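What you see is a predicted model, and the numbers here were worked out from it, not measured in a lab.
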Amino acid sequence: MRPPTALVLSMTTVGYLLLMAALAVGLRLRRAGARPEAGRRGWPALLRRVAGTVLGGWALLVVVLAGYYVGLARLGGPFLLDGLTGAAALLAVVLPLFALASWLVERRHRRHARREPAAQRDRDR
């Protein structure tokens with residue numbers, strides 16, 4: 001049985017509006033200068049921030065999966081479980097790759113920042 005088109009469109013619209021509202025709130029907080037992690041630096045702060053992002057993203061995915069597969073498509077049980085464990089497996093693969101790429105970019109920026117003052121001094125002579 002296929003859900004009515006109006007229901008699918010309304011659910012998609014509501015999801016889109018919620019996502020845009022969350023992004024707008026984040027943009028306003030950033031423009032206002034609100035920094036939740038102000039003053040916190042180092043590995044513990046980074047790990048806290050990454051864990052919050054990963055868990056928040058996975059929780060959002062759980063809501064979308066449950067809303068669509070249970071609410072609209074009327075599929076549940078093993079299908080929903082496979083979707084949730086598949087998303088967790090994807091995070092387990094992507095997170096180390098993201099960490100490696102971030103570390104390489106940061107290392108490159110630091111190396112460039114160290115060279116720049118020396119080049120500036122040479123020009124000033």
Side-chain angles (χ1 to χ4, degrees):
M1 181 174 167
R2 192 171 162 185
T5 304
L7 179 62
V8 172
L9 288 176
S10 64
M11 292 291 289
T12 303
T13 302
V14 167
Y16 177 77
L17 292 175
L18 287 172
L19 177 64
M20 290 298 117
L23 291 174
V25 167
L27 184 60
R28 282 187 183 211
L29 288 174
R30 184 174 178 153
R31 284 186 178 166
R35 297 182 64 196
E37 296 289 327
R40 294 184 181 174
R41 294 187 167 269
W43 285 105
L46 175 66
L47 292 176
R48 224 180 353 263
R49 194 169 208 173
V50 169
T53 301
V54 168
L55 293 175
W58 192 75
L60 179 63
L61 182 63
V62 167
V63 169
V64 170
L65 282 173
Y68 180 76
Y69 288 118
V70 175
L72 290 177
R74 306 278 188 237
L75 297 171
F79 190 78
L80 184 61
L81 182 63
D82 288 344
L84 297 176
T85 55
L90 180 64
L91 283 173
V93 169
V94 170
L95 194 58
L97 294 175
F98 175 73
L100 177 64
S102 297
W103 177 74
L104 289 172
V105 167
E106 186 63 29
R107 184 175 174 199
R108 183 176 175 192
H109 285 300
R110 285 184 182 175
R111 191 175 286 174
H112 181 69
R114 274 189 251 144
R115 289 181 187 166
E116 194 171 283
Q120 182 70 25
R121 277 185 262 129
D122 292 340
R123 279 188 291 213
D124 291 341
R125 287 185 185 175

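Closest heavy-atom contact between W58 and A87: NE1-CB, 3.8 Å. Looking at every heavy atom in both residues, P96 comes nearest to L91 through CD-O, 4.3 Å.
Residue T53 holds its OG1 atom at 10.0 Å from CG of L95, rounded to the nearest 0.5 Å. Rounded to the nearest 0.5 angstrom, L17 CG and T12 OG1 are separated by 11.0 Å. The structure places CG of L27 at 8.5 Å from CG of L23, a figure rounded to the nearest 0.5 Å.
Note on V54: it clusters hydrophobically with L61, by side-chain heavy-atom contacts below 4.5 Å among ILVMFWY residues.
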